[in-house]
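No experiment lies behind these values; they were computed from the predicted model shown.
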Amino acid sequence: LLAVYIFIKFCNFAKKFQLSSGLKKLIFILTGVGLVGFNVVYSMGNSAIEHGQGWDLATYALVGSLIWVFVFAFALMADTKAE
């Protein structure tokens with residue numbers, strides 16, 4: 001519940017900003033590429049865990065994807081600048 005509350009507060013904070021349409025489009029494209037990339041890296045991390053090589057790669061993929069969720073949410077919630 002605390003994580004949901006923090007995310008909602010972050011989204012309300014992001015509504016106060018304006019981003020250009022080009023930057024928003026770039027973030028949306030990178031989100032699509034990141035969706036595939038993070039899944040591949042996380043899969044490689046799971047394979048490394050099974051082979052006893054540690055949790056590092058899966059942890060990096062998880063933390064990176066959670067950070068990207070906030071970048072995507074910021075771009076989604078921010079207003080688009082009038083050109």
Side-chain angles (χ1 to χ4, degrees):
L1 290 174
L2 180 62
V4 171
Y5 178 76
I6 291 170
F7 187 73
I8 290 171
K9 285 295 188 181
F10 177 77
C11 288
N12 286 332
F13 169 75
K15 286 181 182 180
K16 299 174 187 174
F17 290 90
Q18 290 185 349
L19 297 176
S20 68
S21 60
L23 180 60
K24 287 180 90 167
K25 188 186 306 183
L26 177 66
I27 290 173
F28 295 154
I29 290 169
L30 288 176
T31 299
V33 172
L35 178 69
V36 174
F38 286 129
N39 279 316
V40 168
V41 173
Y42 191 73
S43 175
M44 291 168 43
N46 281 338
S47 177
I49 291 168
E50 290 175 1
H51 292 98
Q53 297 172 346
W55 289 71
D56 292 346
L57 199 54
T59 303
Y60 296 148
L62 179 65
V63 171
S65 64
L66 288 175
I67 290 170
W68 194 257
V69 164
F70 280 93
V71 172
F72 177 70
F74 187 86
L76 193 62
M77 297 303 294
D79 287 333
T80 305
K81 283 184 183 177
E83 307 223 358

Next on the checklist: Count I, L, V, M, F, W, Y as connected when their side-chain heavy atoms are under 4.5 Å apart, and connections chain through other members. Are Phe17 and Met77 then in the same cluster?
Outcome noted: no

Checklist entry - Should the pair Phe70 and Phe7 be assigned to parallel (<30°), tilted (30 to 60°) or perpendicular (>60°) ring geometry? => result perpendicular

Checklist entry - What side-chain hydrogen bond (donor to acceptor under 3.5 Å, both in side chains) pairs are there with at least one residue in residues 57-78, not counting sequence neighbours? => result Thr31-Trp68

Item to check | Leu76 side chain reached by Phe28 side chain, heavy atoms, under 4.5 Å | outcome: yes

Checklist entry - Parallel, tilted or perpendicular: which fits the ring planes of Phe10 and Phe13, with parallel below 30° and perpendicular above 60°? => result tilted

Checklist entry - Linking I/L/V/M/F/W/Y whenever any side-chain heavy atoms sit under 4.5 Å apart, do Leu62 and Val69 land together? => result no

Residues 33-50 side chain polar contacts: donor-acceptor under 3.5 Å, at least two apart:
| residue | atom | partner | partner atom | Å |
| --- | --- | --- | --- | --- |
| Asn39 | ND2 | Leu35 | O | 2.8 |

Checklist outcome for this item: Scanning both residues in full, the closest heavy-atom pair of Ala75 with Leu19 reads CA-CD1, 3.8 Å

Checklist entry - If you look only at pairs with a residue in residues 5-19, which of them pass as a side-chain hydrogen bond (donor to acceptor under 3.5 Å, both in side chains), with sequence neighbours excluded? => result none

Checklist outcome for this item: Looking only at heavy atoms, the pair that brings Lys24 and Asp79 closest together is NZ-C, 4.1 Å

Checklist outcome for this item: Under a side-chain separation threshold of 4.5 Å, the hydrophobic residues clustered together with Val4 are Ile8

Item to check | Hydrophobic cluster of Leu2, others only, ordered by chain and residue number, side-chain cut-off 4.5 Å | outcome: Ile6

Checklist entry - Apart from Val63 itself, which Ile, Leu, Val, Met, Phe, Trp or Tyr residues share its cluster (side-chain heavy atoms under 4.5 Å, direct or through members)? => result Ile67

